[in-house]
Colleague: 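Please read through the structure below; I'll follow up with questions.
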Amino acid sequence: MAGANELAKAYDPSAIEEKWAKYWVEQRLFDTPVPAAGDHAKAFTMLLPPPNVTGRLHMGHMLNQAEMDILTRWHRMSGERALWVPGTDHAGIATQMMVEKQLAAEGKTTRKELGREAFTDKVWTWKKQYGGAITEQMRRLGASVDWSREYFTMDDTLSPAVIEAFVRLHEQGLVYRGAYIVNWDPKLQTAVSDLEVESEERIGKLYHVRYPLADGSGSIVVATTRPETMLGDTAVAVNPTDERYIALVGKMLTLPLTGREIPIVADDWANPEFGTGAVKVTPAHDPNDFAIGQRHSLPSLSILDQTAKVDLPGSKYHGLDRFEAREQVVADLEAFGLLVAVKDHAMTVPVSQRSGSVIEPRLSDQWFIKIQPLADKAIEAVKEGHIKFTPEMYAKTYFEWMGNIHDWCISRQLWWGHRIPAWHCADCKGITVARTTPAVCSKCGSAEITQETDVLDTWFSSGLLPFTVFGWPPPDGQMTKDMAAFYPTDLLVTGFDILFFWVARMIMLSCHFMLDVPMADGTPRTLKDAVPFREVYIHALVRDANREKMSKTKGNVIDPIDIIKRFGTDAVRFTLASMASPGTDIAFSEARTEGYRAFANKIWNVARFIFMNIDRAKEAGIATKLCAPCLASEIWAEAPIETRWILARLSHTTNEVNQSLKDYRFDEAANAIYQFFWGEFCDWYLELAKVRLDFGGTSNAATELTLGALISVYEAALRLLSPFMPFITEEIWHALYAAVGMPSPAKSIALTRFPLGSEFRGDAVAVADMTMLQELIVSVRGLRKEMGVPEKEATPIVVFATDAPVATLASTNADMLAKMARVSGVTLAQTALSGNGTRSTPGFDVQVLYERVIDVPAERERLSKDLAKYEMGLQAAEKQLANEAFIGKAPAHIVDGLKKQATETKLLFDKTRAALDALNR
RNA sequence: GGGCGCAUAACUCAGCGGUAGAGUGCCACCUUCACACGGUGGAAGUCGCAGGUUCGAAUCCUGCUGCGCCCA
């Protein structure tokens, strides 16, 4: 793209975006090498929350990545050593399920038929073939990540680190194995963590069942929602304060259907208000019952196997599914006359997030992390301010959760993942935990050892990422250069849905492990520098236009790639940025995106306009200069008012953008740029530049100066915009330099400097004068519309102003008024104006001279409306000014402001009154 | 049950103690040689309800109503 004629009239993002996305990656523009010795540029480091390797890009990713990319590009352009590390997560359950499904679709082999090794080979094959899909999509978004550092959580470098972390925790006594109640997913046949369980409201039944006393002296009725588990009951609990049952505590009951004898115990957990007040205790199949069992030393009887079928060989219920068993048990109880009542009951059922099956609390051997010591440090890190949350509110949520944290079950009965480095001894039943495969049992020396089959929770490995990606543990005991240069990372940008899954775990694990790693200079590390990141920015959830959460089942998922194809990546990025205000979710609106596509088109057409004028200048032999550093220079002091004004406005906008980005206010930053570019640069500056640009040859100096300002301000605006809209700005920026015959100063606009407000000349006088002229122009335009002056017809105006400079401004800028408001001539009046075709502001009166009769009723209505408005305003102001308390207590500038406002309103009121009278005459 | 958040123009959202704002949409006019994905002008809100604090409340506090989320 070189000349205006070669540019398409409308911007077509698809024509350029893929080209630049590819260019950025191939040129390795965003690779961040380890700093050379003596290079002390400030680092800005972020980790991409690794998407699941099986994932497809969704709007949440796009928001997350758009925000991270804006920040990375901004920091990079601000001269920092910006590093954004990408990667993908092996996503244990999700990936294993996906490949199993694929196997099922292909033929008959199941995972189990294949065997562990062959299956994991299959998964690796799958990963190699399809695992890059999501990162391909990221490239399309223009994410300026360092691809040279891309990781996968099961890489050869990361896996040993995971093993090392596990072994160390074990050595420190923070890993234990034991039989505990876990959330068991009978479909996936693995334990899952508390976080992977969701609650669902369901209507079930509450069964009242009579348990007879063993001595035949009576009975007790228990209430339960899960009668089938009575096969595993080992007690009945009643509340110690419950007078109905107090006498029965200690007595034995005969458990129906099995004939086993079980005790009645007193325990606070039994709620006298609920059901009958007596509760059956099944320690092996309910977490609360498990706790009761521990308190009363009750045996735990597992009656369900890993597929949730009854596992009681010899019993008539053996082999029945848990729900079938329930029906059978209920039927049998009824037959024995022991079923007292059945009531409908609303209850919450635990459901597996991954498979959707009802979770079966199950007693099994699992590996746990003793979490409290880690949580304590993690709480301290945030309390002490070493980690800052934005919005701050999330710190509360974080403390709430961390304060009630439970030990973390980290073993998963899966094949895809980091296999736990523990070996079971067949002889002594001892466990050997080791970094490398041991030859013999460390306890008894037996060679009959086999490795633990469980793998680690995926979140365990991703929780280690902030330090493992930078080379922990150091291979030779020396801290890696990456670690020295980039840890701790500066910021984590993420959705709050993984606040506990990932964010909290990273904080816990990083604080724990990094505290042991000395600083680069050898001094001990404190918690302040052990943290994984210094700040966490939590963004909103992207919903559909109706505020509904996007989900596959609802079919309301918006595919970012689809939207990008329709509107362009830049427009979508800008939409997300402009809607990303903190605290509220984003209801993604296409209408908004359409608006920003129009914005991109506007930017494009300014380029066409500028190129056209550069061509004209070339033909006329006028120099075209692009000089970014000159924009602060005093050479502009003599420039026409609009040029001095636009520089000041650019300066102001730049400051706003920098400040907003610092505060993570993407919305404010985006709106400031939008408003400046369209509302000021295009609507005013460009139009006024047309007045100055004259290639006829008489006023070359003004033309040269204006064209230079136009090009240079536009170039600065492109840099300002480039973190938000990297594609279109890249395209135009290169073309702009080509057009003025200069080599691009960098390989990419992304490698140039982000503007600073001080780089543009401020001029308060120009801003005040220009504001006044704008008011005058808008007034005249309004009057002309009201009076029905045809668009093309120019009219003379009369201006009255008590303030002399205003009158001078109007007459000396007649050319501006002619262009912007079709004014054919300016006359200055010596007295206030009123009557037909007049409009008044606090600064001036203006009258449009036009012979056409005005629409009297319409004008009367408008004036009456204004009059009423001024009257109300005036009354309110006068009332307040009469209030002594206000005068006494309000700050002076407020009081003065109100007085000034009252005076102005009074003036306008009088003028409007006079105009109305004149009309009625 | 515990905790957190949100209610502002038709829609989507800013503002969070000093006279109500933006984008989209709507109405009218304009094919002016960058752009009709455009230009110009305009209409549109007792800031969920009720109290309180304050000279002054959309903004702070309390309660209520209605939504939403998180944890039990």
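First the proteins, then the strands, lettered A, B, ... as listed; each starts at 1. Both backbone and side-chain heavy atoms feed into the values below; hydrogens, waters and symmetry mates do not.
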Colleague: Please state how far atom CD in A/Glu392 lies from atom P in B/G5, giving the value in whole angstrom units.
Modeller: 12 Å

Colleague: Looking for any heavy atom pair under 4.0 Å, which part of the strands does A/Tyr596 touch: base, sugar-phosphate only, or nothing?
Modeller: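 Contact class for A/Tyr596: none.
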
Colleague: Taking the C1' atom in each of B/G45 and B/G21, what is the distance between them to the nearest angstrom?
Modeller: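 About 11 Å, rounded to a whole number of Å.
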
Colleague: How close or far is atom C1' of B/U19 from atom CG of A/Leu898, stated in whole angstroms?
Modeller: 8 Å

Colleague: Evaluate the side-chain hydrogen bond (donor to acceptor under 3.5 Å, both in side chains) criterion for residues A/Thr795 and A/Arg784: first the C-alpha distance (whole Å), next the side-chain angles of each, then the deciding distance (0.1 Å), finally the verdict.
Modeller: CA-CA 9 Å; A/Thr795 48; A/Arg784 286 170 51 90; 3.1 Å; yes

Colleague: So A/Phe599 and A/Trp678, would you call those rings parallel, tilted or perpendicular, with 30° and 60° as cut-offs?
Modeller: parallel

Colleague: Checking base pairs now: Watson-Crick or wobble, both atom distances under 3.5 Å. What partners B/G38?
Modeller: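 B/C30 - that is the nucleotide pairing with B/G38, both distances being under 3.5 Å.
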
Colleague: Whole angstrom is fine here: how far is it from CZ in A/Arg592 over to C1' in B/U12?
Modeller: 6 Å

Colleague: Roughly, in whole Å, what's the span from CD in A/Glu590 to C1' in B/G25?
Modeller: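 Spelled out: CD on A/Glu590 to C1' on B/G25 is 15 Å.
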
Colleague: Could you check whether A/Lys690 pairs with A/Glu687 (Lys NZ or Arg NE/NH1/NH2 to Asp/Glu carboxylate O, under 4.0 Å)?
Modeller: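 Here A/Lys690 pairs with A/Glu687 in a salt bridge, since their nearest N and O are under 4.0 Å apart.
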
Colleague: For A/Phe574 together with A/Tyr596, are the ring centres under 6.0 Å from each other?
Modeller: yes

Colleague: What string of B, S and - do you get for nucleotides 33-42 of chain B, 5' to 3', when a contact is any protein heavy atom under 4.0 Å?
Modeller: -BBSBSBBS-

Colleague: Expressed as a whole number of Å, how far does the C1' atom of B/G39 sit from that of B/U31?
Modeller: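 Approximately 11 Å lies between the C1' atom of B/G39 and that of B/U31.
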
Colleague: In whole Å, what is the span from the CD atom of A/Glu793 to the P atom of B/U32?
Modeller: 17 Å

Colleague: Salt bridge check, A/Arg665 against A/Asp663: does any charged N sit closer than 4.0 Å to a carboxylate O?
Modeller: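 No.
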
Colleague: Just jot down the side chain to side chain contact (heavy atoms under 4.5 Å, CB included) partners of A/Asp910, sequence neighbours excluded, or say none.
Modeller: A/Lys906

Colleague: In whole Å, what separates the C1' atom of B/U46 from that of B/U40?
Modeller: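 Comparing C1' positions in B/U46 and B/U40 gives a spacing of 32 Å.
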
Colleague: Whole angstrom is fine here: how far is it from CD1 in A/Ile538 over to P in B/C69?
Modeller: 18 Å

Colleague: Could you check whether A/Gln880 gets within reach of a base, just the sugar-phosphate, or nothing at all, counting any heavy atom under 4.0 Å?
Modeller: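 Base contact.
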
Colleague: Which value, in whole Å, describes the distance between the C1' atoms of nucleotides B/U12 and B/U54?
Modeller: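 Rounded to whole Å, the distance is 34 Å.
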
Colleague: Going by number, which of residues 706-716 of chain A have a non-hydrogen atom under 4.0 Å from RNA chain B?
Modeller: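 Under 4.0 Å from RNA chain B: no residue of residues 706-716 of chain A.
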
Colleague: Across the strands shown, which category fits A/Asn671 at heavy-atom distances under 4.0 angstrom: base, sugar-phosphate, nothing?
Modeller: nothing

Colleague: Counting only Watson-Crick or G-U wobble pairs whose two distances fall under 3.5 Å, which nucleotide matches B/G23?
Modeller: B/C11

Colleague: Can a cation-pi geometry be assigned to A/Arg781 and A/Trp684, taking NZ or CZ under 6.0 Å from the six-membered ring centre and within 45° of the ring axis?
Modeller: yes

Colleague: Counting only Watson-Crick pairs (N1-N3 plus N6-O4 or O6-N4) and G-U wobbles (N1-O2, O6-N3), all under 3.5 Å, who is the partner of B/G56?
Modeller: none

Colleague: Across all strands shown, which nucleotide pairs with B/G1 by Watson-Crick or G-U wobble geometry, both distances under 3.5 Å?
Modeller: B/C71

Colleague: In this structure, how many angstroms lie between the P atom of B/G56 and the CZ atom of A/Phe886, rounded?
Modeller: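 The answer, rounded to whole Å, is 11 Å.
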
Colleague: With ring centroids as reference points, do A/Phe666 and A/Tyr537 lie under 6.0 angstrom apart?
Modeller: yes

Colleague: With rounding to whole Å, what would you report as the distance between B/C11 and B/C70 at their P atoms?
Modeller: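 The same atom, P, in both gives a distance of 26 Å.
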
Colleague: Does B/C6 have a Watson-Crick or wobble partner in any strand here, with both distances under 3.5 angstrom, and which is it?
Modeller: B/G66

Colleague: With a 4.0 Å limit, can you tell me whether A/Arg665 has a side-chain N or O closer than that to the phosphate oxygens OP1/OP2 of B/G15?
Modeller: yes

Colleague: Using the six-membered ring of A/Phe399, assess whether NZ or CZ of A/Lys383 lies under 6.0 Å from its centre and within 45 degrees of the ring axis.
Modeller: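 Yes, a cation-pi geometry.
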
Colleague: Between A/Ile894 (CD1) and B/G17 (P), how many Å, whole number?
Modeller: 13 Å

Colleague: Using the P atom as the reference point in each nucleotide, state the distance between B/A50 and B/C13 in Å, no decimals.
Modeller: 25 Å

Colleague: Under a 3.5 Å cut-off for both distances, is B/C47 Watson-Crick or wobble paired, and to whom?
Modeller: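 Looking at the geometry, B/C47 pairs with no nucleotide.
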
Colleague: Expressed in whole Å, how much space separates the P atoms belonging to B/G42 and B/C55?
Modeller: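 Comparing P positions in B/G42 and B/C55 gives a spacing of 39 Å.
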
Colleague: Considering all heavy atoms of both residues, which atom of A/Phe500 and which atom of A/Arg505 are nearest to each other, and what is their separation?
Modeller: O-CD, 3.1 Å

Colleague: On RNA chain B, check which nucleotide each of A/Met579 and A/His893 is closest to and give me the residue with the more 5' one.
Modeller: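 Nearest-nucleotide comparison on RNA chain B picks A/Met579.
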
Colleague: Could you work out the separation of B/A22 and B/G63 based on their P atoms and round it to a whole Å?
Modeller: 35 Å

Colleague: Would you check if there is a donor-acceptor pair between the side chains of A/Asn655 and A/Gln659 at a distance under 3.5 Å?
Modeller: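 Side-chain D/A pair, A/Gln659 to A/Asn655: absent.
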
